[in-house]
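Counting convention: from 1, in listed order, for ligands and their atoms alike.
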Amino acid sequence: MSTSERPVVGSLENECPVDGRALSPVPITRDLVERVHDARIAQPAWEALGFEERARRLERAARSIVERRAEAVQLLHDELGKTPPDALMGEVMGALQFVRDYVVMARPYLRPRRLPLSPLAFPGKTGQTELVPRGVVGIITPWNFPLATFFRPVFGALLCGNAVVLKPSELSPRVGAWFGRVLAEVLPPHVLEVVQGGPDVGAALLRSRIDAVTFTGSTTTGREVARVCAERLIPVSLELGGKDAAIVLSDCDFDRTVAGVMYWALTNTGQSCGAIERVFVEDPIADRFVDALALAVSRLRVTGDPRTSDVGPLANARQLAIVEAHVNDALAKGAVLRCGGRRLGVGQWFEPTVLDRCTADMLVMREPTFGPVIPVRRVANAEGAVHATNDCAHGLTASVWSRDVARAEAYARRLQVGTAYVNNHSFTGAVPAAPWTGVKDSGTGVASGVFALNHYTRPRTIAIDRRDTPDAWWFPMDARLEELGNRLAETLLGNPLAAVKVPVLIWQRERSVMDLVRSDPQRRSILRRVVSRLTSRRE
Ligand code: NAD
């Protein structure tokens, strides 16, 4: 049955967050098991194409994404309310560079490695370890960077020779469908299957016959995904939420720091796992810093149209409700509203917001807000800021802003995060060679860099024995074997004289082994007598 003939029941209904208009429905996948089966059947031929051909095809796919960027930008506007520059720079552009850099990194990493084997302990043997694809990788993604969160796992898994079953978020299925169509033009059929639906389809994918899972999403869902994968004993890579801190020291480059903190807190309307969601500022510059930040944020354009706005709407009503709840909780607990704080017009618009005098007990300082809100907490000194940064369930990225780079770097090394920055934030999310990873509730996965390839491959060793004699350590267990073991141990400990008798012992042992299994008992006993007489004379 072709994909278009398959049965479909129900569809995903979404609204455009810009103006609330209904978007075209997307059919929910009802034949997931068959899709996974098709991907499994297609995988060996894709693997057999070889690394260079797979790399060529993926580069062509990435080129198509960049060439067709206007389509992608329009979809990202319609489905998520992204401003065109955010969509272009934060999502589409990365595709081509990602594939190019990944190919260069992966080529040497995926080459077979010769197994070092001691000729004394393993005579006549050779071996090599190859990194082979896992098979079918299930990839479950969130809505906040729908395209960018496809690139890392989908291109990585395909490059290694896997087939992929991708489940985009139910809140951004159209971008997922578009991505699938563009890749289908260069991939063999079924090597990439896109399945659509909500948590139930994600759960069904986890229970289907897949061999590994890459999950990007919230910590709560990540725990559930990890539980299911543990039951199934399949590897899982978890890229989860963040609550990133920026530590602003008194000696920072003031204006640049205000601009940098504002950008990294509000880009993509704050809906980034690596967004600045907590600002710790040293007391001596706190008044001036908050004044400047609030002034700059209030100058950002929020017009009701992403094409003329600096900050777009939130992507969906669920996210807007969380943002409002966090702001209201902070205000109820004594935070000072310096700008923003309100919904705007139709759609999911919320004014970019600065909250001063925030405290550790506020939701906005503890839980992912994922919105255009900058909460500021004043601290006595950098030590207090480092302590407060680490006093958090999440640990994705964090930054220290100071003119004294060496001092800032020393603080950066003490932050419990996957990536720590000095005088910038989160930019390595777009760098294919940089491992994107976190600690604590931010998950156990590594999303890019060569380390990520371990998740998409498994080591398989082929070991070959070319001798026609048996191994000296096979049955029977006897005193000569014990002596051989002791002499090998002495040799390892650095006594070269111990090795002198090893070849004779091996020769004797090989004969004992064969003697034990000979079918002709007459020959066996004659041989045994001759061998033992010869050796006892020598001894
Ligand atoms: P989410 O956890 O609600 O959903 C993520 C995906 O999981 C969706 O496709 C959803 O349908 C699916 N899903 C939900 N329940 C499932 C289940 N029981 N079994 C299988 N699949 C299930 O997250 P979200 O709201 O879509 O995304 C936002 C979150 O993603 C934020 O917390 C953000 O920090 C995080 N994120 C992390 C990174 C990273 O690299 N660390 C990148 C982007 C987003």
Novice: Does the side chain of D441 come under 3.5 Å of the side chain of T219 through a donor N or O and an acceptor N or O?
Specialist: no

Novice: N/O to N/O below 3.5 Å, does that happen between W143 and ligand 1?
Specialist: yes

Novice: Could you see which bit of F145 sits under 4.0 Å from ligand 1, with heavy atoms only: side chain, backbone, both or neither?
Specialist: neither

Novice: Using a strict cut-off of 4.0 Å, indicate which atoms of ligand 1 neighbour a heavy atom of S169.
Specialist: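 Listed by number with element: 9 (O).
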
Novice: Any carboxylate oxygen within less than 4.0 angstrom of a Lys/Arg side-chain nitrogen, looking at R207 and E231?
Specialist: yes

Novice: For ligand 1, is Q271 a contact, meaning one of its heavy atoms is under 4.0 Å away?
Specialist: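 It does not; every heavy atom stays at 4.0 Å or beyond.
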
Novice: For N144, counting its heavy atoms only, list the atoms of ligand 1 lying under 4.0 Å from any of them.
Specialist: 43 (C), 44 (C)

Novice: Should F370 and E277 count as side-chain neighbours, where that means a heavy-atom distance under 4.5 Å?
Specialist: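 The answer is yes; the side chains approach within 4.5 Å.
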
Novice: Is any NZ, NE, NH1 or NH2 atom of the basic residue among R377 and D356 found under 4.0 Å from an Asp or Glu carboxylate oxygen of the other?
Specialist: no

Novice: Please determine if T219 has a nitrogen or oxygen closer than 3.5 Å to a nitrogen or oxygen of ligand 1.
Specialist: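 The answer is no, given that T219 and ligand 1 share no N or O pair closer than 3.5 Å.
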
Novice: Counting heavy atoms only, which of P199, P173, G217 is nearest atom 30 (O) of ligand 1?
Specialist: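 Shortest heavy-atom distance from atom 30 (O) of ligand 1: G217.
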
Novice: T149 versus ligand 1: do any nitrogen or oxygen atoms come within less than 3.5 Å of each other?
Specialist: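 In this structure, T149 places no N or O atom under 3.5 Å from an N or O of ligand 1.
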
Novice: Specify side chain, backbone, both or neither for E367, according to which of its non-hydrogen atoms lie closer than 4.0 Å to ligand 1.
Specialist: neither

Novice: Between ligand 1 and A203, can you find any atom pair, the residue atom being a heavy atom, that is separated by under 4.0 Å?
Specialist: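 Checking ligand 1 against A203, which is what was asked, there is a heavy-atom contact under 4.0 Å.
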
Novice: Numbering the atoms of ligand 1 from 1, which are under 4.0 Å from a heavy atom of R152?
Specialist: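 In order of numbering, the contacting atoms are 40 (O).
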
Novice: Look at the side chain of K440 and the backbone N and O of N390, then say whether any donor-acceptor pair between them is shorter than 3.5 Å.
Specialist: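 Looks like yes, one N/O pair under 3.5 Å.
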
Novice: Do S442 and ligand 1 have an N or O pair less than 3.5 Å apart?
Specialist: no

